Amino acid sequence: MMKKVKSRRIECAAPTANVTSLVIDFDCNASWPTEPPPRLERPYDPPTFRPLQVYAFGPSLGRTPINVRTLQVHYEPLAPGPVGERIAVVDYDSCRDCFYDPVDLDNPLIAMNGGLDPSESDPRFHQQMVYAIVSDALRRIEVALGRTVRRRTLTEAKRLRVVIYPHIGDIANCFVQENRLMFGYFRATKDAIGRTLPGQTVFTCLSTDAITYQVGHMIQVAMRPDLIAADRSTGRSLDISSVLVALCDLTSLLLHFRYREAVLDTIQRTAGVIYRSQLDFGIDAAREGSRISAELASNNPLLAMSQDFGEAVGRAAGLRGALVAPDSDAVQKATEPHGRGAIVVAAVFDALFSIYQRRTLDLFRIFRTGGGRLQGNDVPEPLANRLCAEVERIAGRVFNICWRALDYCPAGEIELGDFLRACITADFEYSRDDLWGVRDALMQAFHLRGIKSSSAMFFTEDALRWQQIDGATLSAKGPAELSQEGVRNFVMSNAKSLGLAAKASVDVYPIETARLTAPDDTPKTTSFTQVITRTGKGLTLVFDAARSLRYAIRSANVTT
Amino acid sequence: MAKVKRKAKPARRAKSAATGGNDNMNRLRIRMYRVGFGDFFLITAWSKDGPQHILIDCGVTRGKTGEGDIGTIKTAVRHMAQETDSRLALIIVTHRHQDHIIGFSRCEAEFEKFSGRVGGIWMPYWETEYPRVRKFQEDIQNLALGLRAAALAGDRDSINEEILGIAENATGVSAEGPGGGTNKRSLDMLKNRLGVTPQCYASGDTPELSKGLVDAGFSARILGPPPANEFDFLKLMDLTQGVGQYLDVENGSGTTKPKLVPFGSQFMVGPDAYPTSAFREWAPRISGKAPDLQRRYPDILERAVRSSTPNALLIAAKKLDGILNNQSLVVLFTWRGQRLLFAGDAQAGNWLYWLYDLDKPTKKLFEQQLAAEGRAILGSLAFYKMGHHGSTNATPIAAVDAMGEDFVTMCSTQENTFGTVANDSEVPRIPLISALAKKSSVIRSDQFVAKIGDKVVPTAESAPKVPSKPKSGKLEVRDFYVDYTLQAR
């Protein structure tokens, strides 16, 4: 016998004009669903960035709001380590022969907190911080270069995967081995000062500057093996080392400007003159002397590199600084890579602050015209924000120029003057106009420090830019195919025009292609490679988007 | 005509040598004791007041292999004391390495007898007690102790052995093997217990010679080390310095504790705590096979990390070694028209400072011309005490090129102590010895058997069995030393 269905008629409003009503027979005996319908299998979009807490400068500046920052690092799924596709952290300590507990940054409790809170005594924070700084520095350099960094050899080019060892042992150093970043820890000397206690353990993997320096060096090793090989095998060129060291130092120092709070603080404590080496604390301290620790003058963190290490070995300043007084004989006097590199760094920072001064002059004028007066170091917040934005933009531009210049450096050999020429050419290729006066500022700053190019006829922008290739002297404008073989054939058929011996045996590195967007929104596609002769030196070739050869760059003292 | 003889009974011979005579006034004797890897030279000239003795260094080190110390230094010091009647006109200490000074503390009792009987002591500028210099030397000492501790904590592989050798040479700390003494005690003996205040010199200083030495025909010049304001020269230890190291050696750890424990044991885990992808780069690559990425390779990873760590330590150790060597006092004696160069262990920066007319050091030596004075000095040598036991980093090629001919080179060394032929770092360096042998008679201390009682130390395999005969002067081989006697011109 069939069960009688008890039903009730429900009339609904008509959904359309043609149907006046909708009748639904509703089974009153049926039970209402108690569970929601099954979830749709629709994954969430991964985030673009992952917030992670870091020390902006290093533990020696303490857990102040300026020093404890959250970096937005490029997101990738991470296994404990953290271990991802691009970057992996493996915490093995060779002195204690053990691994340290790996941090799981995908753990919701950690992810919701923006990573672990800073702690010197927890290796998992060290792993998080070194991962974050490396990821951020790598992304910024890749943005500057307009491409993903690859490890190049004469036979292949592979996407760079960075493996970080944050605590390899008791060693006061950190260094690069191929794609590996190695960091040691050590005991501070008895002369340690500042917040570093004598005898305390100093971790190189907690120094932001040390990390970014090593990232810079690792990328140099990956993208310009011709320079590294020349530097290591022959020791011929002091200036290869000097330029590479300078670029690493610049990477560390220029990335200080990514920390807006630190820049704002510096502006507030220097009346906008951010290149002062010391920061003051108000009028009272200046007039009556410091009475409490908060009134003590401190070093300008933007300009000091590795303050932690400096303090750990008893120095009042960082290991190196951004600015030294200009001296036209400085280059003649400096005879080791760090010393010569420091001159290049000082020249670049001279240019940066000169541009800053020029571009902010109107802001101060407007401020004064409106009746504003600076009281001590106090800068009104709106003005401070504008100054901050300005210096951030300039630092970013200079950072990009310096890294792009590496693509325009000669193969197998560099003079300090070549680096200036590379900077000028790289920036010209990116933006014909120089409305900010960056190129002129760089030229003047290098000139002031005695860095000249022996291959340029005049000290003008035109002369300092690498000379473009005259296409009429070549058998074709460029290679038939932008590959190693295609470039080799092209070079061999134009050896004489390119200044090589007619039957020179050459090796060609894999082609790298950069894709940038110029300030006027036009796309810029440029390809680079290095051609090396048996002497270990050679040419850097630069091709435009149509595969036409634009530059064949060689150092002044190279005879191929 | 040159003669090469081997004679016995050194003590009796020593007594007769001390008596002197008119004939002696025209001769100068340079004695090289065979102590192993270290310098121990005694120069004797005669004045009307009798023999005037100059002691240049007294040390030995075990080195990387532990074979550097042949255990003869105590006998040699005793012999020297007898020979000189515990009286020295001058002691020259070239620098504070174990292989140059350890004898002063190891043979403390013997040297105590010299107290008040030493005419003068010369040391490098870097032994002054100025606070800045003193602090620098203390930092160097601390760094060496730190390196030693790190090397002791590691495996006993060849790299750690080399670090230990260098660090122990810098500190004089040796817990095992024959001997005893420390560099610190040796320096204390020299600075405080011999009854004479040392004079500390740098390049260009005019040294004080005693009346006896002047009467015996000596004059002297100080060529090295570079003064304190020329630190760049002091740091330059070789000409192939690379980059990639973030911290410089003077920023070293300064630790004296053997092991640093950075974290509590609660953080220690095994390799299984890491995903297999963490070991991806260590997966063995076999041709034609895809690497197995589903496994962990902790052994390979650990080995790779361990092997990278001592390399950095070794670099720091070698820098430290170079800085101390560059502190060497380089003395040019002129004796009755003959020039004698004692170069200590001076490395590149020290040589560059006095050999070239440079305001700053350079690696591009091939672009530089020797200064006229440097060329004149090297071109007229009658005797050269080979720098740094024949190491490749201590006698620049340009210096060898500029040296004249028919002089005598003495090299106090012991093969298989540092470096290897495989990586072109053997000490003494064979190509360097060969180059010098074309111009001079090269006499190596390890070229002769050393006999002390029943103990016999064999000759070096890499050395010629017969020493090359000097064109002028006389060579005499004794049981554990070699005498070279020069005649006045």
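Letters A, B, ... mirror the listed sequences (proteins, then strands); counts begin at 1. Predicted model, so just to flag it, every value in this text is computed and none were measured.
Atom CZ of B:Arg303 is separated from atom OG of A:Ser94 by 14.0 Å, given to the nearest 0.5 angstrom. Between the CG atom of A:Asp93 and the CD atom of B:Glu302 there is a distance of 11.0 Å, given to the nearest 0.5 Å.
Your options are A:Arg124, A:Met218, A:His167, and the one with the most heavy-atom pairs under 4.5 Å with chain B is A:His167. Chain B forms more heavy-atom pairs under 4.5 Å with one residue of A:Gly184, A:Pro123, A:Pro80, A:Gly84 than with any other, namely A:Pro123. For the options B:Pro275, B:Pro262, B:Ser277, B:Ala278, heavy-atom pairs under 4.5 Å to chain A are most numerous at B:Pro262. Of the listed residues A:Asp97, A:Asp122, A:Thr201, the one with more heavy-atom pairs under 4.5 angstrom with chain B than any other is A:Asp122.
In this structure, chain B has a heavy atom under 4.5 Å from the backbone of A:Glu120, while its side chain stays farther away. Proximity to chain B involves both the backbone and the side chain of A:Tyr100, based on heavy atoms less than 4.5 angstrom apart. For A:Asn179, the part lying under 4.5 angstrom from a heavy atom of chain B is the side chain only.
Between the B:Tyr274 side chain and the A:Val89 main chain, no donor and acceptor come within less than 3.5 Å of each other. Between the side chain of A:Arg96 and the backbone N or O of B:Phe263 there is at least one donor-acceptor pair closer than 3.5 Å.
Under the 4.5 Å side-chain criterion, counting only non-hydrogen atoms from C-beta, A:Glu178 is not in contact with B:Glu281.
A search for side chain to side chain contact (heavy atoms under 4.5 Å, CB included) contacts involving A:Glu76 returns A:Leu78, A:Glu85, A:Arg86, A:Ile87, A:Tyr131, not counting sequence neighbours. Residues meeting the side chain to side chain contact (heavy atoms under 4.5 Å, CB included) test with B:Ala273, sequence neighbours left out: A:Pro102, B:Val269.
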Can you check side chain to side chain contact (heavy atoms under 4.5 Å, CB included) on A:Phe99 and B:Leu301, steps first, answer last? CA-CA 11 Å; A:Phe99 288 81; B:Leu301 181 149; 4.1 Å; yes
